[in-house]
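Each remark here refers to the structure printed beneath this line.
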Amino acid sequence: MRLIVNGEEQDLSAATLSELLAQLEYEGDWLATAVNGELVHRADRANRRLSDRDRIEILSPMKGG
Amino acid sequence: MLTLYGQELRSRMLLGTARYPSPSILADAVRQAGTEVVTVSLRRETAGGRQGGAFFELIRELGVRVLPNTAGCYTVSEAVLTAKMAREVFGTNWIKLEVIGHHDTLQPDVFGLVEAARILASEGFEVFPYTTDDLVVAERLVEAGCKVLMPWCAPIGSAMGPQNIAALRTMRAHFPDVPLIVDAGIGRPSHATTVMELGYDAVLLNTAVAGAGNPALMAAAFAQAIDAGHAAFEAGMLEPRDMAVPSTPVIGKAVFS
């Protein structure tokens, strides 16, 4: 299935958001995730099923003004 | 004591964390300033979470309160989603709300700002809106639920200093009980002193410190300048006069001729 992760289209087989994070080797308790413009809370990632062409954003802390 | 959304703070200097030569210089600047609030941001993570993790660790070690921003957002929906994601990461309801309206001046889209502020306030956020010095916009923001206002004094990163003293003064007079923080445009400590002398409650800085030759020393200079301006406002300053007034009493002066 084709997923758009942080703006980059990739061929991935993850069924859920937490599987996707594991497959892409994301780690840490400081990530925020959204699917198709909706926030997905940390606790809901395992239940958030993914479908073809979903747009996933994975953000982390960065310096800012 | 400065109180922002119920949080009491000794320092009246809020500091951005971007553009420092190194993380350790950022840490030095925060310590030298004695700042208790730093602004942070969120960006796409490409390295499996490790880049953001290192920065997050640095901020945690500093033991300061974070004010996440929605920098770079041009639409209401983008800003609202970014705010929600920031709350997820940083575990705070505080949000420095930026809805940018123009890519050259980085001036806020005040229409989008008011709309986003209303949505976020209704969802429990404590909004710090980056706004202009427009009084009507400020009123709308307060109506939308903002209990702090953060007008610019010049464009972000411009270092121009206060461009419209009269407007800043009017805003202070119109909102005597709302904490007002000058956010953006400060270039040097004297600019910070100027706005604090007008009765502003605090200053938010980044580039003026991060871009200095010695950021930690500049952070200390700003902290002193901000405190000096605040003390002067509290003390009550003289108004300028047209004529000279002798400071030494003339009564009892010797007459030699």
Side-chain angles (χ1 to χ4, degrees), chain A, chain B residues 14-20 23 26 38-60 66-72 75 77-78 80-91 96 98 106 123 130 156-157 183-184 204-210:
Chain A
M1 134 175 104
R2 304 294 287 174
L3 295 174
I4 298 117
V5 182
N6 282 349
E8 221 174 275
E9 198 172 317
Q10 299 186 49
D11 212 4
L12 293 155
S13 60
T16 65
L17 185 55
S18 48
E19 272 180 39
L20 176 78
L21 291 174
Q23 267 184 28
L24 297 177
E25 298 182 333
Y26 278 92
E27 57 181 44
D29 61 350
W30 48 77
L31 299 173
T33 48
V35 177
N36 300 331
E38 295 283 334
L39 172 72
V40 179
H41 289 292
R42 198 171 288 130
D44 300 331
R45 286 176 195 154
N47 299 322
R48 182 62 172 85
R49 301 198 65 80
L50 299 175
S51 356
D52 198 42
R53 312 297 306 172
D54 273 352
R55 288 173 294 108
I56 296 119
E57 292 288 329
I58 304 165
L59 306 187
S60 74
M62 201 198 65
K63 52 201 178 176
Chain B
L14 290 75
L15 194 58
T17 54
R19 307 176 75 122
Y20 292 82
L26 159 63
V38 297
T39 54
V40 293
S41 195
L42 281 182
R43 282 295 179 274
R44 283 173 168 173
E45 179 62 79
T46 51
R50 284 171 284 272
Q51 273 181 339
F55 176 70
F56 201 33
E57 201 47 48
L58 172 71
I59 298 299
R60 275 176 178 161
V66 296
L67 174 57
N69 70 26
T70 63
T75 65
S77 59
E78 227 183 343
V80 168
L81 179 57
T82 302
K84 289 178 181 175
M85 293 180 86
R87 178 155 71 178
E88 173 89 353
V89 168
F90 296 107
K96 174 183 162 180
E98 296 184 36
L106 296 180
E123 298 195 20
Y130 158 64
I156 294 176
D183 174 17
L204 200 168
L205 297 162
N206 189 345
T207 313
V209 171

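Keep in mind it's a predicted model, so treat the numbers as computed, not measured. Letters go in sequence order (proteins before strands), and every chain restarts at 1.
Side chain of A:D54 to backbone of A:L3: no donor-acceptor contact under 3.5 angstrom is found.
B:T82 is linked by a side-chain contact (heavy atoms from CB on, under 4.5 Å) to B:T70, B:C73, counting only residues two or more places apart in sequence or in another chain.
Contact annotation for A:E8: neither backbone nor side-chain heavy atoms come within less than 4.5 Å of a heavy atom of chain B. Heavy atoms of B:F90 lying under 4.5 Å from chain A belong exclusively to its side chain. In this structure, no portion of A:V5 lies under 4.5 Å from any heavy atom of chain B. Proximity to chain A (any heavy atom under 4.5 Å) is restricted, for B:L81, to the side chain, taken from C-beta onward. Contact of B:E78 with chain A is not made at all, since no heavy-atom distance falls under 4.5 Å.
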| request: Please test A:R45 against A:E19 for salt bridge (Lys or Arg N to Asp or Glu O under 4.0 Å), starting from the C-alpha separation and ending with a verdict. | output: CA-CA 9 Å; A:R45 286 176 195 154; A:E19 272 180 39; over 6 Å; no
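Taking all atoms of both residues into account, the shortest heavy-atom contact from B:N206 to B:A18 is OD1-O, 2.8 Å. Smallest separation of non-hydrogen atoms from A:S60 and B:G52: OG-CA, 3.4 Å.
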